[in-house]
Structures are given as C-alpha cells and as structure tokens.
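The structure displayed is predicted, hence computed values, not measured ones.
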Amino acid sequence: MLRFLPLLLTSLICLQQISAAPNPEPFPHPPNIKGLQVQMTPDAIELGIHHAGINVNLAGLMDLTGSPGQLSRSVGGKTFFFNEAYLKSLDRQIKPLSDKGILVYAILLAYPTKDPAKDAILLHPNHKPDYKFSIGAFNNVTPEGRAWLTAATELLAERWSAPDQAHGRVWGWIIGNEVNSHFLWYNLGNATLEQATDAYAQAFRLMHQAIRKASTNARLYISFDHHWQISMHNVHESEAKSGRGFLDAFAANIRQGGDLDWHVAHHPYPENLGNPKTWEDPTVTTKADTPKITFKNLQVLGEYLHRPELLYRGFPRHIILSEQGFHSWAKPDGQALQAAGFAYAWEKCQRVPLVDAFIYHRHVDHSQEGGLKLGLWTNKPGSIADPDTKKQLYDLFQKAGTPAWKDAAAAVMPLTGLKSWDELGK
C-alpha cells in the first residue's frame, strides 16, 4: 500500500486543483484614489498610496528549455514551463504593497523578445516584425499561442488570488496597453476596426475566463490612450483607431459572445504631453465627439459610460486612470506648473464618480521617455531612472487624500486660472 502513496497524494492534489473554487472575496474599497506606478516600494508606501500599477512582461515568464524544477502547466495537451526567478521578482514588488492594503493592478504586456521561437508563441501572427514597436498584441490565434496565454494567465491569477496571499494579492488586471493605438502599443499589424477589436476581444475573453477561475471579483480593464473621436496623429487609419470607436466596437463584440464585466483603464494625459497646463488643452470639448479626453474634460468619459448599450447588469463600468503624468519644464516655474497640473487633475477626479483610481506615472524621471520629465523625483544625471531629488510635486502628492491637501492645493490653484476648485464641477 505504501508504494502507492505518492501516486495517491498526487491524484488528491490534482483533484484539489481541479475542484478548487475561485476566491470569493469582494473587491476592496480603499480610502481614496491615490496611486502610483511604483519604482521604489518603501517610498511609495511613505507617500500613502492606495493603488499601484505593476508591469508584467509575459515574455519574461517563458522558459522554452523546460529546465528541471521550473513551474509547469498543461493546457490543451501542451505543457509549458515558467521562469520562476522572474515570478519571484514580481512577488517582491507585489507582496509588500498588498500586505499594506494597497490595491495592485497587474498590467499584462507582450514585449517582443527578438527570439523567433518565443515571439511565435507570444505575439499575434499579424504583428509587424519589421516595425519598431514597443508592445505586441497577444497571440490568441494559433493553438499553441492560445494554450500558452491561457496557461500563463491561469498561473498568475492563481498565484496572486490565493487566500493566504503568500505571493501577494492582485485585484486589477489591465489587459494590454493603449490597444486602440495598435501600431505601437499593442502591435497587431494593419487591421480594420472590426479586425482589431475582434482580435482583442478574443484575447480578453480568454484571459477573463482564466482569471475568473481564481477570483470571482477581480476586475479586468481595457486600456486606452487619450485619443477619443480621433486616432493617433501621423499614422495610417489601419494602424490606430479612435478610443470611442474601439470602445463601442469592443463592447458590441463582447455582447455578441455573452457580456463580460470589463472596465476601462484610461490615460488622460494633457493634449500636449510636454505641456503640464492641461486646463488650457485647446481642442478638447465637453461633447461626446471631443477629439481627445484629457483631465480638462474627463467627465465626458464618465457620462459616455452611462449609455445603455455600455452598461453591465444595469450599472456603468468602472474607470481607473492607469497611466498619466505631468511634465516639468526646465524653467523657473516648471515644477510649480507640474504640481498645479496634478492638483487640477486630482480635483477633477473628485467630480467624476466612476473614477476608482488615479495611478500616477512616473515615480522617477526616465531619461528614455522622449524628453518628458514626469516623475515625483528627478533622475540622477547620466542615469536612466535612478532617483536624485524630490520635486515640488512630491510634497503635494503626499498630501493628496489627507487633511493637508486643501491648503497645499490652494497654493498652486492660481496657476490654473481658477478661483475655486468648485469651478471644475460646472
């Protein structure tokens, strides 16, 4: 009998995995919307954030060698191996935050690797391999690609939804990045609106099903840039779509296959990313056909999501602002204007009830971000993103959501031309 014990234990473990119910915990409600794409965890905690964005490079999970001892998972008759060292590095980012009650949002991304074997599994077959793009579309087309994407998503969801939170807890899952601008930020190659939204909707549904196996109430988000009625400038219409057009087509596609509880991760950067004075954005309007949605007209998105065809079980979708920041000019008033931009944005968010989180980008200035200086910290000269000195924004950001906010924000309000933040509600 003893010689059959290992086999019996293995069978029981497999049965437990198959029959394990998803974690039923309800989605938390933190004290306020303050969040950050975290680079330095202790500093982020000191800043008093309640939301954190963490990039997850799905390519970093791939181990095509099947090294002994590596994690594995079988889907569709195929067994895949995963890079446990990378997983543990993500745990080290996530767990200290979630242990403090901070809601973590995993931003699931498919970075090209230039390894043909990996990219054939990871990236959508229609991506442009000869195009210099940053992030690719998920491969939900080939049998191996679909099986791998399912296995990877299930693995992550199980790991970061476990009741014991041994590896940390993830509550939000952002599926891709700025998917309407699919030539650069979700490279799908040339596609019509119908083709682009259908490809993304299929991947979203697959990943939604994988995450729901582990968590009943985690939220999944579709990511948009600030283009709304128009698409990104200076690219062909087959390479980028308007946010509104993509949202409507995606929603219709999902409804046809059985509606899902998707939500919106919007990026309301100023109209000109290099100008922190978003209150002066020249072309945005308060109408549904505004060219862009920035902080100046953020209410347009909240109003639009109340349209009957976009509701889920009678309620509008939730909004998180998962990536946006304000540039600090190299001028005497540059840091003050950056702080004013944040104060304006924070106050605007208080007047858009659907906004659950405002996740600021960046923690530290990044030298490879096209000259933009968006951070709460400057970076050390000659470094990519090593922190150097705190900016004026740092102190204001720390006071956001606290009793000290009112006076701190009032000090920079004159730069916006407003006499009262109440004017933002008119």
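No more than 12 heavy atoms of other residues, nucleotides or ligands shown are found within 6.0 angstrom of NZ on K213. The 12-atom threshold is not exceeded at CD of E237, counting heavy atoms of other residues, nucleotides or ligands nearer than 6.0 Å. In the displayed structure, Q350 atom CD is contacted under 6.0 Å by more than 12 heavy atoms of other residues, nucleotides or ligands. A 6.0 Å sphere centred on NZ of K100 holds no more than 12 heavy atoms belonging to other residues, nucleotides or ligands. Dense packing is recorded around CG of D164, with more than 12 heavy atoms of other residues, nucleotides or ligands lying under 6.0 Å away.
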(message) Apply side-chain contact (heavy atoms from CB on, under 4.5 Å) to residues V104 and V38 and explain how you reach the verdict.
(response) CA-CA 10 Å; V104 176; V38 176; over 6 Å; no

(request) May I have the step-by-step check of side-chain contact (heavy atoms from CB on, under 4.5 Å) for W377 and H363, ending in yes or no? (result) CA-CA 6 Å; W377 291 73; H363 203 154; 3.9 Å; yes

(request) Would you sort out whether D333 and K277 count as a salt bridge (charged side-chain N to carboxylate O under 4.0 Å, His left out), showing the intermediate values? (result) CA-CA 12 Å; D333 62 350; K277 296 189 285 185; over 6 Å; no

(message) With side-chain contact (heavy atoms from CB on, under 4.5 Å) as the criterion, how do W405 and L396 come out once you've worked through the C-alpha distance, each side chain's angles and the decisive distance to 0.1 Å?
(response) CA-CA 7 Å; W405 169 256; L396 183 67; 3.5 Å; yes

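Between L61 and L156, the closest side-chain pair of non-hydrogen atoms falls below 4.5 Å. Between E178 and S223 there is a side-chain heavy-atom pair separated by less than 4.5 Å. You'll find the side chain of L354 reaches within 4.5 Å of the side chain of H306, heavy atoms only. At least one side-chain heavy atom of Q398 sits under 4.5 Å from a side-chain heavy atom of L47. Two residues are said to be in side-chain contact when any heavy atoms from C-beta on lie closer than 4.5 Å; K373 and N379 meet this criterion. Taking the side chain as every heavy atom from C-beta outward, I107 and S322 never approach each other to under 4.5 Å.
The structure places NE2 of H167 at 11.0 Å from CD1 of I94, a figure rounded to the nearest 0.5 Å. Atom CE of M40 is separated from atom CD1 of I45 by 12.0 Å, given to the nearest 0.5 angstrom. Atoms CD1 and CD, from I54 and Q93 in turn, are 4.5 Å apart once rounded to the nearest 0.5 Å. Separating the OG1 atom in T142 from the CD1 atom in I121 is a distance of 8.0 Å, to the nearest 0.5 Å. The line from NZ of K399 to CZ of F397 is 14.0 Å long, rounded to the nearest 0.5 Å. Between the CD atom in Q338 and the NZ atom in K391 there is a gap of 4.0 Å [rounded to 0.5 Å].
Taking 4.0 Å as the cut-off between side-chain N and carboxylate O, D91 and R159 count as a salt-bridged pair. In this structure, R212 pairs ionically with D261, as a charged nitrogen and a carboxylate oxygen lie closer than 4.0 Å. Under the 4.0 Å criterion applied to side-chain N and carboxylate O atoms, D422 and R351 are assigned as salt-bridge partners. At a threshold of 4.0 Å, the pair K95-D99 counts as salt-bridged, since one of the basic side-chain nitrogens sits closer than that to a carboxylate oxygen.
Side chains of Q299 and T286: no donor on one and acceptor on the other come within 3.5 Å. In summary, the side chains of N253 and D198 do present a donor paired with an acceptor at a separation below 3.5 Å, with no hydrogens or angles considered. Defined by atom type and a distance below 3.5 Å, a donor-acceptor pair is present between the side-chain atoms of E369 and H361.
In terms of heavy atoms, L109 sits closest to Y111 at CD1-OH, 3.2 Å. Nearest heavy-atom pair, W171 versus P26, reported as atom, atom and distance to 0.1 Å: CH2-O, 3.2 Å. Contact record, E309 with R255: O-NH1, 2.7 Å, taken as the closest heavy-atom pair. Listed here is the closest heavy atom pair of V179 and Y200: CG1-CE1, 3.5 Å. For the pair M413 and L418, the tightest heavy-atom approach, listed with the atom from each and the gap, is CG-O, 3.7 Å. Looking at every heavy atom in both residues, S72 comes nearest to F82 through CA-CD1, 4.3 Å.
Relative orientation of the F27 and H29 rings is perpendicular, given thresholds of 30° and 60° on the angle between their planes. Between F250 and F246, the ring planes are parallel. Angles under 30° get that label, and only those over 60° would be called perpendicular. Between Y186 and F138, the angle of the ring planes goes over 60°, which puts this pair in the perpendicular group of the 30/60° scheme. In this pair, Y221 and H263 present their aromatic rings tilted. The plane angle is within the 30 to 60° band.
Ring centers of F342 and F358: under 6.0 Å apart, within the cut-off.
Screening R313, R317, R205 for a salt bridge (charged side-chain N to carboxylate O under 4.0 Å, His left out) with D259, the sole residue that qualifies is R317.
A distance-only check finds a donor-acceptor pair linking the side chain of N187 to the backbone of K128 [under 3.5 Å].
Note that R244 lies outside the cation-pi zone of Y304, set by a 6.0 Å cut-off to the ring centre and a 45° limit from the axis.
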